Amino acid sequence: MTAETSPVKRGTADKPEKIRCDACPVMCYIAEGRAGACDRYANENGELVRLDPLTILENSDTPVVPFLEREWDGDIVSGDEAFITAVGSGTTYPDYKPAPFIVASKTADADMITVVTEGIFSYCGAKVKIDTDRHLGSECAWVRSEGEIIGHVTTSEYGSQMLSLGGVNHLTGGSKKEGRATCSALLALCNGESVQLSIDNGAELEIAAGQAPIVNGQTEERMRVGCGSATVGMFAAQWQGLVDEVVVVDDHITGVMSEHQAGKVIGWKPTGIKIKGRRSTPGRYFQVAEPGTGWGGTDLTDPLAILDKWKPEAWPGLSILMVSTTGENAAYYELNDDLVPVQKDMPERLRPSVQRIEENCEPSLASVLFMAGAGGSLRSGVTENPVSLTRSVQSRLTRVTCGGAPVMMWPGGGITFMSDVTQMPKNAFGYVPTPALVAPIEFTMSRADYQALGGHMDYVMPLEDALKGVTGRQSDHRLSGRRSESRKKGAPWPVGKEPAK
Ligand code: SF4
């Protein structure tokens, strides 16, 4: 640590000195033995220490002995074996200082550089996908945590409801309480913890990344097999000859077998059924009921509510199967002499088809993608000419990873990316009380490209030093420790062109 980068100390002869952490704009004065406001840095014997261990990724699905525990004589380690993630690496704020680790490694005989830093993101959030047909709330309805608005319901996707959470407006644009609640919900979600959310005029949720969502206290088990129309198409041939009519109830597109093209091409006989709802194309109906948590994401508890009076071509004894898109709800009816459906026990011959729908449903999960923009000052920790990093990322000369996890980079300006939090190491995220999220980010490129974009070449250190826990001379903190984690199964290795194992 150089005199010019060492933390500022404040104290008297009687009182132990406090040190000043300058890793974020809060600039805490931290007393001996205490941690700063974010619990990420502490004062240990007058030294600023990053409390979470630096996380090293190992290129093995199942390391028998973790890299850090093996006998290691200091030999050269290739970038194909180990990767320094930014988790626990620290932040150099303000960003004109080079990033905490600028690591040189050899990968498949190529000289590579990885710039490693924990970024402070005021512009960040989470896109959450909840696999359920159930209506969670209207589009644009507020999503709340601890009673505060932290995001909104956005457009539904195929078999999933979507939430857009966080973002700069909720972090900084509302009250202090709103900012804090947003930051704490994002932090928990990104670290894989369970979070309770409520949607205005909608559902109560409990979600954790990679786990089944809980909607109004009920654990979701299955994601629907398809919309009502798709379900009719998928199983038309299997139902033929077993039942006279099939209605697949769905909030978006309810399918009616005898009218649907899938039924027609295999010669399904007209039944005289009439559906209350907006007919889109033959056998496909929109808006048969209100959205809800009943049959197929509607508010229906009795599916007969969507049937109108039958046309004269219907006949007594006509059999009808009504089923939801997950197979969770199913009922069997026969028309009586007055052409009124009467519920009967589900015949054995139809049970396998309902089970087949259930079988074809995937498990319902909540997925969390962290989304952030690294287009700001963070780039100065990588290069003296920030826009050259943006250009290098956009032209794919520089690979961005988030705790070693792959990112999906948005086209257009800036460095705006999304990354699956379940692909990242444990507790990859932190926060600062500004409020903002702290997330790991690594930029990897060839040595020549790093030099060309005006990289901080004087601060490059060998991978072996970083593995030993030696911090760069630009860092004014010490590491508290290191830990190693295996690469995630199936995830691409963050350096090099090797395909996923
Ligand atoms: S909040 Fe954390 S990072 Fe920010 S100055 Fe305080 S201890 Fe340092």
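Being a predicted model, the structure only gives us computed values, none of them experimental. Counting starts at 1 for both ligands and their atoms, following the listed order.
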**OP:** Not counting sequence neighbours, which residues clear ring pair (Phe, Tyr, Trp, His ring centres under 6.0 Å) with Tyr431? List them please.
**Re:** none
**OP:** Would you tell me whether Thr390 and Arg379 have side-chain atoms, one donor and one acceptor, within less than 3.5 Å of each other?
**Re:** yes
Subject >> Pairwise side-chain contact, Ile130 with Ile207, heavy-atom cut-off 4.5 Å (strictly under) >> reply: yes
Subject >> Polar protein atoms near atom 4 (Fe) of ligand 1 [N, O or S; cut-off under 2.8 Å] >> reply: Cys24 SG
Original post:
Do Asp131 and Lys129 sit within salt-bridge range, that is, some charged N less than 4.0 Å from a carboxylate O?
Top reply: yes
Subject >> Test item: Glu359 and Ile357 side chains (from C-beta on) under 4.5 Å apart, heavy atoms >> reply: no
Subject >> Validation row: Val421, Phe429 side chains within 4.5 angstrom (heavy atoms) >> reply: yes
